[in-house]
Protein chains: 2
Amino acid sequence: MTPRPYRMGRRQAAVDKTRARIVAAARRLLLARRPTEFSLEGVARRARVTRMTVYHRFGSRRELLEALFDELAAEGGMSHLRNAFQQPDAEQALADYVATFVRFWSSGRLIHRRLRAQGVLDPELERALAARQEWRRQGLRVVAGRLVQRPADDLIDVLFTLTSFETFDTLAGGTRTPAQVTSLVLGLVRGALGLALPSPTLPKSSRNRSAG
Amino acid sequence: MTPRPYRMGRRQAAVDKTRARIVAAARRLLLARRPTEFSLEGVARRARVTRMTVYHRFGSRRELLEALFDELAAEGGMSHLRNAFQQPDAEQALADYVATFVRFWSSGRLIHRRLRAQGVLDPELERALAARQEWRRQGLRVVAGRLVQRPADDLIDVLFTLTSFETFDTLAGGTRTPAQVTSLVLGLVRGALGLALPSPTLPKSSRNRSAG
DNA sequence: GGTTGACTATACAGTCTGTATAATTAAATT
DNA sequence: AATTTAATTATACAGACTGTATAGTCAACC
């Protein structure tokens with residue numbers, strides 16, 4: 001009746017490997033030329049695993065996609081946010097904050113776009129992904145709070161919009177580099193905060209393309 | 001061999017009716033609680049038509065969705081753009097232009113969101129929808145051109161982004177009214193153009209919520 | 001009365017979904 | 001060494017959707 005105690009020990013390594021293979025497969029499939037190539041069938045096939053294994057590991061399509069997002073977030077240079085928050089200069093902190101997110105979106109652009117689309121088709125996933133954006137909003141509260149007395153909710157929402165993936169994606173278009181997008185976004189962000197336009201330290205290659 | 005000449009005459013009325021029923025069904029289904037309810041099967045069912053008829057009329061799923069978008073655009077108060085362009089005051093013209101698009105996005109919010117998602121899953125559709133946005137960009141060139149000597153491409157892209165559905169959708173969130181969103185967007189637009197912040201004539205209910 | 005073209009009926013082969021049940025296998029425990 | 005545990009497989013099911021194809025119905029037109 002009472003189950004015998006059981007430690008996964010080195011079995012865990014195999015489990016982790018399988019899990020990683022599945023997420024990696026999902027990732028590659030979300031990058032496929034044909035967007036519809038993404039399916040649990042396909043993921044399982046490319047991970048050389050049964051579809052049942054995918055359900056076992058993740059429980060649902062939604063949770064697999066959440067895991068994929070989390071992997072991207074873990075890789076995506078978010079550690080640089082430390083730098084931003086440690087900046088003694090508030091304006092520089094803001095610039096670092098913006099640049100960090102632009103680089104994040106940029107590094108997984110196609111995946112983020114398709115992940116979002118999957119979210120629109122699955123409200124649960126949408127909520128899960130939206131929840132992961134809340135700390136971006138919180139960060140904005142902190143960074144903006146150093147430049148503005150008591151940032152209104154409207155202001156935070158504006159900054160949240162300007163640093164969103166959608167703004168990045170539209171602004172980047174087919175040609176603009178991350179640095180160029182950062183420059184444009186930062187211009188808008190500074191404008192919203194009522195700061196002078198020439199921004200602090202930024203790669204000069206993207207400096208002369210600022211809008212306004 | 002040579003087909004006998006044939007005018008559709010009053011048969012055309014029936015054809016148009018069928019077509020309209022199909023588009024209307026597509027529309028209702030894109031608004032369904034479950035986003036996945038949308039399918040050609042479902043559309044055909046709700047239009048009391050065979051799936052074959054849908055293919056007959058539109059050729060493909062993509063073209064049906066294009067037709068739906070065009071219907072929205074035709075209804076969506078785009079005629080108000082005349083007003084904007086006829087405004088003698090350039091700043092007021094800008095305000096009208098922004099307000100018109102915010103109202104447009106707002107009136108079909110959920111559909112636009114899901115239409116976009118369908119686009120991400122179908123590159124052909126994405127291109128078709130993107131093409132329909134080009135005249136928004138052209139309009140921005142005109143309206144901005146009245147306020148700025150020779151608007152740079154960067155500037156136009158920024159304005160294009162600020163007036164996009166995505167910006168509207170993110171800013172609107174769960175609670176903001178179209179007028180409130182207009183106020184926020186217009187603030188950003190004016191900032192990008194280097195104009196003073198208090199905007200011209202705008203419903204005062206949304207005036208005091210401007211960011212910055 | 002013949003012809004045209006919209007719409008229907010039906011079918012096919014393929015893919016995907018979520019769930020269920022039983023079998024396999026290797027590591028962990030005793 | 002024998003037993004137990006949990007990951008993974010093997011199959012199956014019922015249902016839905018996709019795009020395409022073929023043949024048929026029917027009312028409007030000539």
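Here the structure is a predicted model, which is why all the values come from computation and not from measurement. Every chain is numbered from 1 and lettered A, B, ... according to where its sequence line falls, protein lines coming before strand lines.
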**Q** Starting at atom NE2 of His56(A), determine the distance to atom P of dT5(D), rounded to an integer number of angstrom.
**A**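 Going from His56(A) (NE2) to dT5(D) (P), I get 16 Å.
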**Q** Using a strict cut-off of less than 4.0 Å between a Lys/Arg side-chain nitrogen and an Asp/Glu carboxylate oxygen, indicate whether Asp16(B) and Arg11(B) qualify as a salt bridge.
**A**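 Not counted as a salt bridge, because no side-chain N and carboxylate O are separated by less than 4.0 Å.
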**Q** More 5' along DNA chain C: Ser39(A) or Arg10(A), using each one's nearest nucleotide?
**A**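 The residue mapped nearer the 5' terminus is Ser39(A).
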**Q** Specify the separation, in whole Å, of atom CE of Met52(B) and atom C1' of dA21(D).
**A**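 Taking CE of Met52(B) and C1' of dA21(D), I get 8 Å after rounding.
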**Q** Students often get this wrong, so: under 4.0 angstrom with heavy atoms, is Arg4(A) touching a base, only sugar-phosphate, or nothing?
**A**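 Base contact - Arg4(A) has a heavy atom under 4.0 Å of at least one base atom.
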**Q** Please state whether the phosphate of dT9(D), meaning OP1 or OP2, lies under 4.0 angstrom from any side-chain nitrogen or oxygen of Arg48(A).
**A**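 Answer is no, no contact under 4.0 Å.
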**Q** I need the OH-P distance between Tyr55(A) and dT9(D), as an integer number of Å.
**A**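 Taking OH of Tyr55(A) and P of dT9(D), I get 15 Å after rounding.
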**Q** Specify the separation, in whole Å, of atom CE of Met8(A) and atom P of dT4(D).
**A**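 Taking atom P of dT4(D) as the reference, CE of Met8(A) is at 19 Å.
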**Q** Is Arg7(B) touching bases, backbone alone, or none of the nucleic acid, heavy atoms closer than 4.0 Å?
**A**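 The answer is sugar-phosphate, as Arg7(B) gets under 4.0 Å only of primed atoms, P, OP1 or OP2.
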**Q** What are the bounds, 5' to 3', of the part of DNA chain C that sits under 4.0 Å from heavy atoms of chain A?
**A**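 From 5' to 3', the first and last contacting nucleotides are dC16(C) to dT30(C).
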**Q** Give a yes/no verdict on a cation-pi contact between Arg136(B) and Phe160(B), requiring under 6.0 Å between NZ or CZ and the six-membered ring centre and an angle within 45° of the axis.
**A**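 The answer is yes, since Arg136(B) meets both limits relative to Phe160(B).
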**Q** Counting any heavy atom closer than 4.0 Å, what does Ser60(B) reach on the DNA or RNA strands: base, sugar-phosphate only, or nothing?
**A**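 Nothing, no nucleic acid heavy atom in range.
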**Q** Can you measure Arg11(A) atom CZ to dT8(D) atom C1' for me and round it to whole angstrom units?
**A**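 Rounded to whole Å, this separation is 9 Å.
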